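Scroll down for the structure; my scribbles are underneath it.
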Amino acid sequence: FYVNVPQALSGKEKVQLKLFASNGQFIANKEITALQAANYYFDISDKQLASGQYNLQIIIKDKIVATKMLTINQ
């Protein structure tokens with residue numbers, strides 16, 4: 001899936017993406033630059049996730065700035 005973080009950040013600033021199952025189980029973590037965050041492809045094809053709802057936390061400077069809900073249908 002693609003992530004777009006439209007924050008006014010410097011290009012080298014770090015953005016952390018954390019993916020969790022709806023039950024709170026940690027699935028994946030990616031650390032990218034703000035420049036990549038404008039249109040980043042978060043590849044989860046190797047995770048073999050079950051259909052259901054997942055939560056993506058977008059973290060900048062150790063602060064959760066957004067939480068997005070994802071639905072995976074297989």
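If you're wondering where the values come from, they're calculated on a predicted model, not measured in any experiment.
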| query | Which value, rounded to the nearest 0.5 Å, describes the distance between F42 atom CZ and F1 atom CZ? | reply | 5.0 Å
| said: Is the terminal nitrogen or CZ of K30 (NZ for Lys, CZ for Arg) located under 6.0 angstrom from the six-membered ring centre of Y40 and within 45° of that ring's axis? | reply: no
| query | Say you draw a straight line from OG1 of T67 to CG of N55; how long is it, rounded to the nearest 0.5 Å? | reply | 7.0 Å
| query | Step by step, would you call V15 with I58 a side-chain contact (heavy atoms from CB on, under 4.5 Å)? | reply | CA-CA 7 Å; V15 176; I58 301 170; 4.0 Å; yes
| query | Atom CD in E31, atom CD in Q36: separation rounded to 0.5 Å? | reply | 10.0 Å
| message | Just verifying a value: how many Å separate Q57 CD and I64 CD1, rounded to the nearest 0.5 Å? | response | 3.5 Å
| said: Could you check whether atom CG of D43 has more than 12 heavy atoms from other residues, nucleotides or ligands sitting under 6.0 Å from it? | reply: yes
Distance-only donor-acceptor pairs under 3.5 Å for side chains of residues 17-27, two or more places apart:
{"from": "N23", "atom 1": "OD1", "to": "Q25", "atom 2": "N", "distance (Å)": "2.9"}

| Who pairs with Q16 by side chain to side chain donor-acceptor pair (under 3.5 Å), at least two apart in sequence or on another chain? | N29
| Within one Ile-Leu-Val-Met-Phe-Trp-Tyr cluster: I32 and I59, side-chain cutoff 4.5 Å | no
| Set of side chain to side chain donor-acceptor pair (under 3.5 Å) partners for N39, sequence neighbours left out | none
